[in-house]
Amino acid sequence: MNYWLVKSEPFVYSWNDFVTAGKSVWDGVRNYQARNNLQAMKEGDWVLFYHSNEGMEVVGIAQVLKEAYPDPTTDDPRWVVVELVPVQPLAKPVTLKQIKADNRLDQIALIRQSRLSVMPIRPEEFDVILSLSQNEST
DNA sequence: GCCAACGTTGGC
DNA sequence: GCCAACGTTGGC
């Protein structure tokens, strides 16, 4: 079982849009590293949903519904999509500020590689974020 | 709105 | 193959 984090600008596609739709084809990825991460996703993997630019917080948990296949929005065979389903919103969103302040998350790709839009998360990092989401005071 | 980080492109 | 120029992302 693997863990991931995907970013979305809420103006473009928010967690609420995702929940309303019921599932999402994660298209438009045009970065090789992000693409490689999409290809490594397995059905049932856990995915954190992060709002970039506006919000700057982890807002929900999703799961991989369908593994990588060619991106239907382009003829270019290099790019792929996956399909994701929303599982549940976080009780309390976990902000970038909280993540930066927590030394257990010093190595998280979200901080170390701020421009990457699809990234792997370590199981322990996933657990830390979930615990932060349940804790009113941190 | 600005700028740092970083990926991509293209000239040589 | 190197590197300067340029474009994009995303935090502040």
Side-chain angles (χ1 to χ4, degrees):
Chain A
M1 185 66 63
N2 292 305
Y3 300 87
W4 311 92
L5 182 147
V6 297
K7 291 182 181 175
S8 185
E9 299 188 41
F11 284 144
V12 178
Y13 194 81
S14 70
W15 171 259
N16 281 342
D17 295 334
F18 183 33
V19 170
T20 302
K23 70 169 191 176
S24 176
V25 177
W26 211 257
D27 61 20
V29 170
R30 297 292 182 269
N31 169 285
Y32 289 109
Q33 212 179 337
R35 189 277 313 266
N36 292 344
N37 291 331
L38 286 182
Q39 280 177 331
M41 287 185 185
K42 297 293 179 196
E43 189 180 329
D45 280 356
W46 298 97
V47 181
L48 295 173
F49 192 104
Y50 175 81
H51 278 168
S52 62
N53 281 312
E54 179 83 5
M56 293 182 289
E57 56 194 13
V58 179
V59 290
I61 305 169
Q63 239 177 338
V64 177
L65 174 70
K66 199 167 177 194
E67 294 173 14
Y69 59 91
D71 189 336
T73 66
T74 176
D75 290 334
D76 192 325
R78 293 176 299 173
W79 308 118
V80 300
V81 299
V82 296
E83 290 181 16
L84 302 178
V85 281
V87 175
Q88 63 174 42
L90 295 186
K92 186 168 178 274
V94 178
T95 64
L96 183 63
K97 200 175 165 187
Q98 281 177 280
I99 290 169
K100 282 189 164 175
D102 195 312
N103 59 21
R104 291 170 298 174
L105 298 172
D106 280 349
Q107 302 300 312
I108 198 170
L110 184 66
I111 295 170
R112 307 205 105 207
Q113 250 186 304
S114 66
R115 291 184 52 203
L116 189 59
S117 62
V118 180
M119 65 192 74
I121 294 289
R122 295 177 184 158
E124 60 270 26
E125 293 167 342
F126 187 87
D127 288 344
V128 169
I129 288 172
L130 287 201
S131 69
L132 290 176
S133 78
Q134 288 153 7
N135 220 335
E136 196 62 30
S137 63
T138 8

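Within every chain, numbering begins at 1; the chains are lettered A, B, ... in the order of the sequence lines, protein sequences first and strands thereafter. In this text the structure is predicted, and so the values were computed from the model without any measurement.
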Query raised in the report: Parallel, tilted or perpendicular: which describes the rings of A/Y13 and A/F18, with under 30° parallel and over 60° perpendicular?
Result: tilted

**Report entry** Geometric class of the A/W46/A/F126 ring pair [parallel <30°, tilted 30-60°, perpendicular >60°]
**Finding:** tilted

What pairs of nitrogen or oxygen atoms, one from the protein and one from nucleotides 4-9 of chain B, lie under 3.5 Å apart?
{"from": "B/dA5", "atom 1": "N3", "to": "A/R115", "atom 2": "NH1", "distance (Å)": "3.4"}
{"from": "B/dC6", "atom 1": "O4'", "to": "A/R115", "atom 2": "NH1", "distance (Å)": "3.1"}
{"from": "B/dC6", "atom 1": "O2", "to": "A/R115", "atom 2": "NH1", "distance (Å)": "2.1"}

Return the value, rounded to whole Å, for the distance between atom [atom1] of [X] and atom [atom2] of [N].
| X | N | atom1 | atom2 | value |
| --- | --- | --- | --- | --- |
| A/H51 | C/dC12 | NE2 | P | 17 Å |
| A/I111 | C/dG10 | CD1 | C1' | 14 Å |
| A/K97 | C/dC12 | NZ | P | 10 Å |

Query raised in the report: Do we see a donor-acceptor contact under 3.5 Å between the side chains of A/S14 and A/D17?
Result: yes

Report task. Test A/V118 against every option in A/V47, A/V29, A/L5, A/N36 by the side-chain contact (heavy atoms from CB on, under 4.5 Å) rule and name the one that passes. Result -> A/V29

Requested in this report: Sort out for me which residue in A/V59, A/V94, A/V6, A/L96 forms a side-chain contact (heavy atoms from CB on, under 4.5 Å) with A/Y50.
Outcome: A/L96

Query raised in the report: Which part of the nucleic acid, if any, lies within contact of A/K100, taking any heavy atom under 4.0 Å across all strands shown: a base, the sugar-phosphate backbone alone, or nothing?
Result: sugar-phosphate

Requested in this report: Identify the residue among A/R78, A/R30, A/R35 that makes a side chain to side chain donor-acceptor pair (under 3.5 Å) with A/D71.
Outcome: A/R30

